[in-house]
Structures are given as structure tokens and as C-alpha cells.
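Residue numbers run from 1 in the order of the sequence given.
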Amino acid sequence: MRGHFFGDTGLLLGRSLRHISRSADTIITTTIMPVAMMLLFVYVFGGAIRTNSDSYVNYMLPGILLITVGSGIAYTAFRLFMDMQSGIFERFQSMPISRSSVLWAHVLTSLVANLISLVVVVLVALLMGFRSSAGMAAWLAVAGILILFTLALTWIAVIPGLTAKSVDGASAFSYPLIFLPFLSSAFVPTGTMPGPVRAFAENQPVTSIVNTIRALFTEQPVGTGIWTALAWCVGILVVAYFFAMNTYRRKIS
């Protein structure tokens with residue numbers, strides 16, 4: 001059964017990746033917004049924002065990476081919604097394939113597409129002056145956190161992709177996720193925020209994830225912050241996976 005699952009997931013993943021390769025504008029669109037935001041903050045607002053970093057692009061890149069993921073997962077919900085509307089799920093049910101492999105193919109497609117977008121954003125940041133003294137271990141740790149974060153948000157995206165009544169409804173859920181980094185330490189230190197906003201910013205997942213990635217990039221001690229970041233990512237992933245799979249079972253039953 002396990003080999004059946006992996007084989008079916010691989011075949012369906014290939015199908016999804018072929019669809020993306022034929023519409024490269026998907027990755028381009030999800031990359032343009034964070035890149036444009038990075039250009040705006042660095043070259044327009046950067047001179048007016050005081051941080052503890054010598055380079056503002058170094059300070060804000062972790063937040064931009066999370067926004068890139070938030071922007072990219074909207075297309076996962078969109079692709080799932082379109083598959084639901086086209087009746088392809090009903091066709092898959094009549095075939096001898098693992099049912100959960102259909103969702104996993106979409107999730108892994110999202111992971112691949114988002115990783116490509118993240119690499120592009122980092123390359124643009126390098127052109128803008130981003131520099132990191134981090135070693136290979138630190139970069140691998142950053143990659144691991146971003147992969148966990150992408151998987152967590154992608155499983156959240158699966159739920160509206162399965163339940164939405166319209167295309168706009170399928171992707172609209174991502175707007176709060178894209179906005180969340182603005183209420184965190186992604187662009188300004190939380191110490192500059194008024195009391196209630198600061199309390200929220202310091203106790204929401206984005207801040208711990210951003211601070212951990214920033215510390216890894218600058219080779220600073222991550223302390224317990226990395227465990228908080230990992231706990232948020234894994235916790236969201238487990239809860240989102242549970243609700244997504246339950247929603248899927250109800251849809252195909």
C-alpha cells in the first residue's frame with residue numbers, strides 16, 4: 001500500500017508540474033509581488049526605518065521570504081478548486097489509485113513552485129546588496145524552516161481549495177497570511193510598536209520564524225527562538241493536515 005501511495009503521488013506530481021511548466025506565469029506572478037515589495041521598502045522606506053542592522057535588505061529579507069510563500073500558496077487553492085470543478089477528482093476515485101495521493105501531489109507541487117520563487121527572491125536580494133556570513137549548516141536550517149512553513153501554509157490552502165464556492169473565494173484566504181508579516185518584526189523592530197500591537201506581534205508565529213531566520217543569516221545565537229519557530233510550523237502543519245484530510249474525506253465520500 002505504501003509503495004502504491006508513493007507511486008501514485010509521483011505520477012500525479014508529474015502531472016501537476018507539467019501544468020505549471022506550461023504556465024510559467026504562475027511562478028512569475030507569485031515572485032513579482034514580493035520582489036516589488038522588497039524594492040519599495042529598501043529604496044523608498046528603508047532610509048527612514050531604524051533597525052539594528054547595517055543593511056535594511058538584510059533585516060527585511062526573512063519577512064519577504066514568508067510573504068513569498070503566502071503569495072504562492074494561493075495558487076495551490078486555485079489549482080485544487082479548478083480540479084474540483086472539472087470533475088477530475090471523480091475520475092480519480094474510479095481508478096485504482098491512493099486517494100490521499102491526489103492531495104499530496106498538489107502539496108508537493110506547491111512546495112516545488114514556492115522553492116523556485118524563494119530562490120529567485122534571494123537572488124534579487126543579492127543584487128540589492130544582501131550579504132550573509134552564514135555557513136552551510138545555517139543555510140540548511142533556513143531551508144528546513146522555510147520548507148516546514150511552506151508545507152504548513154499549503155495544507156491550510158487545501159481547505160479553501162476544497163470548500164470554496166468561487167475562484168476568488170479559493171484564493172482570498174491568503175490575504176491575511178500575506179498581511180501577517182506586517183504585524184511582526186519582519187520590517188520594523190517590535191519595540192517601536194504601541195503596546196497592544198507589540199504584544200500581538202511578539203506572540204504570533206511570524207515573529208519567531210523571522211527572528212530565527214535573521215539570526216541564522218547573521219550567525220547570531222538563535223537561543224530558544226528556533227524551537228518556538230519550529231513548534232509553530234509543526235503545530236500549524238499538524239492541525240492543517242488534520243482538517244484538510246477530514247474535509248477531503250467528506251468531499252469524496
Side-chain angles (χ1 to χ4, degrees), residues 26-27 30-31 33-35 37-38 58-77 79-80 103-104 106-123 125 130 132 134 137-161 171 173-187 190 200-218 222-245:
T26 299
I27 295 178
T30 57
T31 307
M33 188 192 74
V35 166
M37 195 175 296
M38 187 163 54
N58 285 4
Y59 183 88
M60 54 98 71
L61 179 60
I64 291 294
L65 295 177
L66 299 195
I67 288 177
T68 303
V69 175
S71 175
I73 60 166
Y75 280 89
T76 301
R79 287 191 294 268
L80 263 173
L103 287 189
W104 272 105
H106 279 282
V107 169
L108 293 177
T109 299
S110 171
L111 181 60
V112 172
N114 276 289
L115 288 177
I116 293 172
S117 296
L118 289 169
V119 169
V120 172
V121 170
V122 170
L123 290 176
F130 169 73
S132 173
W139 276 99
L140 289 175
V142 170
I145 292 171
L146 290 174
I147 287 172
L148 275 177
F149 183 75
T150 303
L151 287 173
L153 263 60
T154 299
W155 279 108
I156 293 177
V158 167
I159 301 171
S171 56
F173 83 98
S174 66
Y175 299 150
L177 299 178
I178 295 172
F179 180 72
L180 199 59
F182 291 96
L183 296 175
S184 73
S185 62
F187 298 103
T190 56
F200 174 79
E202 291 180 346
N203 294 282
Q204 58 118 323
V206 170
T207 292
S208 61
I209 297 171
V210 162
N211 289 346
T212 299
I213 294 176
R214 189 178 292 137
L216 289 168
F217 277 152
T218 56
V222 294
T224 59
I226 189 170
W227 301 114
T228 304
L230 290 174
W232 273 114
C233 289
V234 173
I236 294 171
L237 173 59
V238 170
V239 173
Y241 175 80
F242 173 79
F243 282 104
M245 291 304 295

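Here the OG1 atom belonging to Thr154 is positioned 10.0 Å from the CH2 atom belonging to Trp104, to the nearest 0.5 angstrom. Distance OG/Ser71 to CG/Leu66: 12.5 Å, rounded to 0.5 Å. In this structure, CG on Leu65 lies 11.0 Å from CZ on Arg214, to the nearest 0.5 angstrom.
At a threshold of 4.5 Å between non-hydrogen side-chain atoms, the residues Ile67 and Met33 count as touching. Looking at heavy atoms from C-beta onward, Val69 lies out of side-chain contact with Leu177 at the 4.5 angstrom threshold. Side-chain contact between Trp139 and Ser132 is present, with at least one heavy-atom pair separated by less than 4.5 Å.
Remark: Phe130 engages Phe217 in a ring pair (Phe, Tyr, Trp, His ring centres under 6.0 Å) (not counting sequence neighbours). With sequence neighbours left out, the side chain to side chain contact (heavy atoms under 4.5 Å, CB included) criterion links Ile147 to Leu111, Leu115, Leu151. Under the side chain to side chain contact (heavy atoms under 4.5 Å, CB included) criterion, Gln204 pairs with Leu180, Leu183, Ser184, Phe200, Val206, Thr207, not counting sequence neighbours.
Heavy-atom minimum distance, Thr76 versus Ala157: CB-CB, 4.3 Å. Heavy atoms only, all atoms of each residue included: Pro181 and Phe187 are closest at O-CD1, 4.0 Å. Minimum interatomic distance between Ala141 and Leu216 (heavy atoms only, all atoms of both residues): CB-CD1, 3.8 Å. Closest of all the heavy-atom pairs between Met60 and Met37 is CE-O, 4.4 Å. Heavy atoms only, all atoms of each residue included: Gly70 and Leu153 are closest at CA-CD2, 4.2 Å. The two residues Ala186 and Val210 come nearest to each other via the heavy atoms CA-CG1, 4.0 Å.
The local environment of CZ in Phe182 is crowded, with over 12 non-hydrogen atoms from other residues, nucleotides or ligands closer than 6.0 Å.
Using a distance-only test at 3.5 Å, with no hydrogens or angles considered, a donor-acceptor pair links the side chain of Thr212 to the main chain of Gly225. Under the 3.5 Å distance criterion, the side-chain polar atoms of Arg79 are left unmatched by any main-chain donor or acceptor of Thr109.
For the residue pair Ser208 and Thr228, no side-chain donor N or O sits within less than 3.5 Å of a side-chain acceptor on the partner. Between Asn114 and Thr150, the side chains place no donor N or O within less than 3.5 Å of an acceptor N or O (distance only, hydrogens not considered). With hydrogens and angles left out, the side-chain atoms of Thr68 and Ser117 include no donor and acceptor closer than 3.5 Å.
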Run the side-chain hydrogen bond (donor to acceptor under 3.5 Å, both in side chains) test on Ser185 and Thr190 for me, step by step, so that the C-alpha distance in whole Å, both residues' side-chain angles and the decisive distance to 0.1 Å come before the verdict. CA-CA 5 Å; Ser185 62; Thr190 56; over 6 Å; no
Could you walk me through whether Asn58 and Thr218 pass the side-chain contact (heavy atoms from CB on, under 4.5 Å) test, one step at a time? CA-CA 9 Å; Asn58 285 4; Thr218 56; 5.8 Å; no
Verify side-chain contact (heavy atoms from CB on, under 4.5 Å) between Leu146 and Ile209, making sure each step is shown before the conclusion. CA-CA 9 Å; Leu146 290 174; Ile209 297 171; 5.8 Å; no
For side-chain contact (heavy atoms from CB on, under 4.5 Å), just list the numbers for Trp155 and Ile73, CA-CA rounded to whole Å, side-chain angles, deciding distance to a tenth of an Å, and then say yes or no. CA-CA 9 Å; Trp155 279 108; Ile73 60 166; over 6 Å; no
For Phe242 and Val238: C-alpha separation, side-chain torsions, deciding distance, then whether side-chain contact (heavy atoms from CB on, under 4.5 Å) applies. CA-CA 6 Å; Phe242 173 79; Val238 170; 5.6 Å; no
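Aromatic ring centroids of Trp232 and Trp227 lie 6.0 Å or more apart.
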